[in-house]
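Remember, it's 1-based here, ligands and their atoms both numbered in the order they're listed.
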Amino acid sequence: MTEVGRIGVVGAGTMGAGIAQLACLGGYETVLQDPVPAALEAGAARVVESLGKGVRKEMWSAEEAEDAAGRLTAVGEVAGLAGCDLVVEAAPEDVELKRRLFADLAAACGPDAILATNTSSLPVAAVATETPRPDRVVGMHFFNPPALMKLVEVVATHHSSEEALAAATEVGRRMGRMPIRARDSPGFIANRLARPYSLESLRMLAQGVADAATIDRVARLGGGFRMGPFELIDLIGLDVNLSVARSFYAQGGEPERWRPSEIQEQLVGEGRLGRKSGVGFYAYEEDAASAEAPFHPHATGESADPVGPTLEESSLAAIDPAAPAIVHRLFAQIANEAAFALEERVGSPEDMNTAMRLGFNWPLGPLEFTELIGPSRAVELLERLRAEHGEAYRPAPGLVVAAGG
Ligand SMILES: NC(=O)c1ccc[n+]([C@@H]2O[C@H](COP(=O)([O-])OP(=O)(O)OC[C@H]3O[C@@H](n4cnc5c(N)ncnc54)[C@H](O)[C@@H]3O)[C@@H](O)[C@H]2O)c1
C-alpha cells in the first residue's frame, strides 16, 4: 500500500484549515497551500489557534499541540506541494478551477501521488479528467467543521484504484475520522440520504399538513432529530440549500422526489435566505416579540423532552394532532431514499447508517428508520400519497420487494 508521510491541503478556507489540523494531529508533515496570501495566513493561524483551543479543552496535551503545529508548513504555490504523497483539495466549488488544479497537482506531485477532492456536489470523475492518472484520484469528503465531525466519505470513481482508496481510508483513520466508502454518485451517501428530511418537510408545508414551526417541533420531539428541517434550512441558508436541491435534481435526471420546492424558490426570490438575512422560515430580529418576529424557535422556551424516534400513536398525538402523519411521512421517505441508494449501490447498509449518525447527528441510521416503520407500512403510505400527490412518492422497487410485494 502507498505509504503516506506528507500530506498537502489545497485551499486554506473553512474546510482546508480544519483538514490541515487533522493531518498535523495525525502525525503527517502537512503543507497547506492557498494562492491568496491573506487566506493562507488566516488559515494557518486558525490551525494553530484551534490546536491551542484543544489543549484548553483537554482534547490533547500542550506537547501534542506543539508537535502538531511544528508539522505545518504554509505555501502559496502549487509547486510547494512537491513531495506530498496525498493531497486533499478544498478549493472553491468550481469544476473548471478544480480540473486545472488537479492537472497542476499531478505535475507538481508526480504520478504516484494520490489526489483527493473534498467536493460536496461535483462528480469526482469530472475533477479528474485532466490528470494523467485518474486511478490515483479519489474523493475525501469531510464535514463541517472537520475537527468536530467524525465522518469522512472516501469516494470511488470508476477509475479509482483499490490502492488509492485504501491509502485515503487509512489517512482518514489516522486523522481520527470514521471513513466510509461511497460510490461517485450525486451527493455521495450522507448528503443524498439527507434529502428527504428537507424535501418531504417542504412538501408537507406546501400541502398544508402543518406549518413550519409544527413540523420542526414534531421532527425534534417525535422524530428525535437535533434540529427541525426548517431550522436547519434557515441555518444553512435557503439559497445554499436550494442550489444543493437544484444540483441533485439535475444530476439525478430530474426525479420527482428531488424536485426543488416552489415555496423555497419563492422565498429565495424574496431575499428570505434564513438567519444570515434575518428572515427565512423564521424571523431572527433581536426583539422576538415584535410583529416581524412572530416565532423564533429558540425564544419559545420549549421545555418538552423528545419522545422519539417513535411511531407510538399516543406519544406523538400528545406533541401535536398532526405529529403521527408528519413522523410517518418523514420516516417513509427516509426509508425510500435509502432503498433507492442501496439499489444504486452508493454504499453498504452499515456505511449508510454510519453516514447519517455521524455526518448529520441523526438519532438512527436510515435503514434503522426503515426497520422502525417497516417496509410494508412505508410502501402502503407512499402509494397512498402517490395517488394523491404524484410521483414524488413512488416507492423504490427494493422497498416494494422488502414489503413482500
Ligand atoms: N463549507 C462546508 O460546509 C463544506 C463541507 C464539505 C465540503 N466542502 C467543500 O470544500 C471545498 C472548500 O469549501 P470551503 O467552505 O472551505 O471554502 P472557502 O471559501 O472557505 O475556502 C476556499 C479557499 O480556497 C482558496 N482558493 C481560491 N482559489 C484557489 C486555487 N486556485 N487554489 C487553491 N486554493 C484556492 C481561497 O482563497 C479560500 O481560502 C469546496 O469544494 C466545498 O464544496 C465544503
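- Residues satisfying the side-chain contact (heavy atoms from CB on, under 4.5 Å) criterion with E3, sequence neighbours excluded, are absent altogether.
- With no hydrogens or angles considered, no side-chain donor-acceptor pair links S201 and S198 at under 3.5 Å.
- Pairs passing the salt bridge (Lys or Arg N to Asp or Glu O under 4.0 Å) check and including a residue from residues 50-60, sequence neighbours excluded, do not occur.
- Stacking of R177 on the aromatic ring of F142 is not recorded, the 6.0 Å distance cut-off and the 45° axial limit not both being met.
- Annotation: side chain to side chain donor-acceptor pair (under 3.5 Å) contacts involving residues 81-96, sequence neighbours excluded, comprise E89-K98, E89-T117, E93-T119, E93-S121, E96-R99.
- Sorted by chain and number, the heavy-atom contacts of ligand 1 below 4.0 Å come from V10, G11, A12, G13, T14, M15, Q33, D34, P35, V36, A39, A90, A91, P92, E93, K98, L101, N118, T119, S120, H141, F142, N144.
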Evaluate side chain to side chain donor-acceptor pair (under 3.5 Å) for D351 paired with T354, printing each intermediate quantity in order. CA-CA 5 Å; D351 280 355; T354 303; 4.8 Å; no
